[in-house]
Chemist: 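One structure coming up, written as structure tokens, with questions to follow.
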2 protein chains.
Amino acid sequence: MEIDKSLVSGSMGLLVLKLLEDGDKYGYQMIDELKRRSDDTFHLKAGSLYPLLHGLEEKGYVTAYEREAAAGKPRRYYHLTKEGGAALRRKEERWNTYARAVGRVLKGGACFG
Amino acid sequence: MEIDKSLVSGSMGLLVLKLLEDGDKYGYQMIDELKRRSDDTFHLKAGSLYPLLHGLEEKGYVTAYEREAAAGKPRRYYHLTKEGGAALRRKEERWNTYARAVGRVLKGGACFG
DNA sequence: TTGACATATATAGATTATCGATATATTATA
DNA sequence: TATAATATATCGATAATCTATATATGTCAA
């Protein structure tokens, strides 16, 4: 099923930080991993990810360094900072609050019992 | 807790259609009901709701009619159409898919077992 | 050696959702 | 009269994401 892009809005920062909790990763890898870990639900585009990563770097949530790859272009790895970890925990809490609230509105429909 | 406004993005259409499943409602009423049903999580603003309602009307998801109130300005009630109901079911399905996928990414962290 | 394709990073411009600010009109209350 | 609550409405700003495009490298087939 196609995911309404407007529905996805706002949580990519959370998901990207979450991926980096497991260890440093480069951009292209994050796109693949997000797709895999979401059972093919999220198809984050490069044009969305790289500006997002630069923003996280500016905020001090991640740091970046280059490493040569066995083949092809060198890869730019991103590392989650202490501040990034704290931001991640805040975002997770907010997501949970939000998702619970949507759930309540969707369940709490007509009073059939 | 303040809800990150970017997190809320995209799902207001779903929530508003859901509210109308119970019966016709006017704008101001929807703002109150959404706040109540979400345990004070959603504070939808008038400046967000009215353009949203006009959009839903244009798409044929709702129809509107005016009724005098006991006091104050006449109220504009919105009614969910058959097409609106179908759109609601699609949006609910998409929300569930999306929320499950986020849940998988957030839970499926490091491989600790 | 040429072209197509996968990997990898990057930016510009467009689209869209939501908000804040503002405007309006009506009624009750101080 | 003025202020607040109710109620609808529009405008401009902000932010997240996408599409399209650009770049650079390496592999593989024709």
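Within every chain, numbering begins at 1; the chains are lettered A, B, ... in the order of the sequence lines, protein sequences first and strands thereafter. Just so you know, these numbers use all the heavy atoms, side chains as well, and skip hydrogens, waters and symmetry mates.
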Chemist: Of all the nucleotides listed (D:dA9, D:dT17, C:dT18), which has the minimum atom distance to the side chain of B:Tyr50?
Modeler: D:dA9

Chemist: Return the value, rounded to whole Å, for the distance between atom CD of B:Glu66 and atom P of D:dT6.
Modeler: 19 Å

Chemist: Over all strands shown, is A:Ala46 touching base, sugar-phosphate only, or nothing at heavy-atom distances under 4.0 angstrom?
Modeler: base

Chemist: Between P on C:dT7 and NZ on A:Lys35, what's the gap in Å once rounded to a whole number?
Modeler: 10 Å

Chemist: Report the distance from atom CE of B:Met30 to atom P of D:dA9, rounded to the nearest whole Å.
Modeler: 11 Å

Chemist: With a 6.0 Å cut-off on ring centres, are A:Tyr65 and A:Tyr78 close enough?
Modeler: no

Chemist: Mind checking if B:Leu52 touches a base, just sugar-phosphate, or nothing, with heavy atoms under 4.0 Å?
Modeler: nothing

Chemist: Name the closest nucleotide to the A:Tyr28 side chain, picking from D:dT8, D:dA9, C:dT7.
Modeler: C:dT7

Chemist: Tell me: CG of A:Leu53 to P of D:dA16, nearest whole Å?
Modeler: 14 Å

Chemist: Report the residue from A:Val16, A:Leu44, A:Leu19 that forms a side-chain contact (heavy atoms from CB on, under 4.5 Å) with A:Glu33.
Modeler: A:Leu19

Chemist: Remember a base hit wins even if backbone is also touched, and classify B:Gly47 as base, sugar-phosphate or nothing at under 4.0 Å, heavy atoms.
Modeler: base

Chemist: Which pair of non-hydrogen atoms, one from A:Tyr77 and one from A:Gln29, has the smallest distance, and what is that distance?
Modeler: CE2-OE1, 4.3 Å

Chemist: Rounded to whole Å, please give me the gap between CG in B:Leu17 and P in C:dA17.
Modeler: 13 Å

Chemist: Rounded to the nearest angstrom, tell me the gap between atom NZ in B:Lys45 and atom P in D:dA7.
Modeler: 18 Å

Chemist: Tell me, please, which residues at least two apart from A:Glu83 pass salt bridge (Lys or Arg N to Asp or Glu O under 4.0 Å).
Modeler: none

Chemist: Report which part of the nucleic acid B:Tyr77 touches: base, sugar-phosphate, or nothing (heavy-atom distance under 4.0 Å, all strands).
Modeler: nothing

Chemist: Does any part of the side chain of A:Leu88, heavy atoms only, come nearer than 4.5 Å to the side chain of A:Lys18, both counted from C-beta?
Modeler: yes

Chemist: Whether A:His54 contacts C:dT11 is assessed here as follows: a side-chain N or O lying under 4.0 Å from the phosphate OP1 or OP2. Is that the case?
Modeler: yes

Chemist: Can you tell which of D:dC18, C:dT9, D:dA7 lies closest to the side chain of A:Arg76?
Modeler: C:dT9

Chemist: Do you know the tightest heavy-atom contact between A:Thr41 and B:Arg104?
Modeler: OG1-NH2, 3.8 Å

Chemist: Could you tell me whether the side chain of B:Thr81 and the main chain of B:Gly84 form a donor-acceptor pair under 3.5 Å?
Modeler: yes

Chemist: In whole angstrom, give the distance that lies between atom CG of A:Leu56 and atom C1' of C:dA10.
Modeler: 16 Å

Chemist: Between protein and nucleotides 24-30 of chain C, map the contacts as a letter string: B base, S sugar-phosphate only, - none, heavy atoms under 4.0 Å, written 5' to 3'.
Modeler: BBSS---

Chemist: Counting side-chain heavy atoms from CB outward, which of D:dA7, C:dA8, D:dT17 is closest to A:Ser48?
Modeler: D:dT17

Chemist: Just how far, in rounded Å, is P of D:dT8 from OH of B:Tyr26?
Modeler: 7 Å

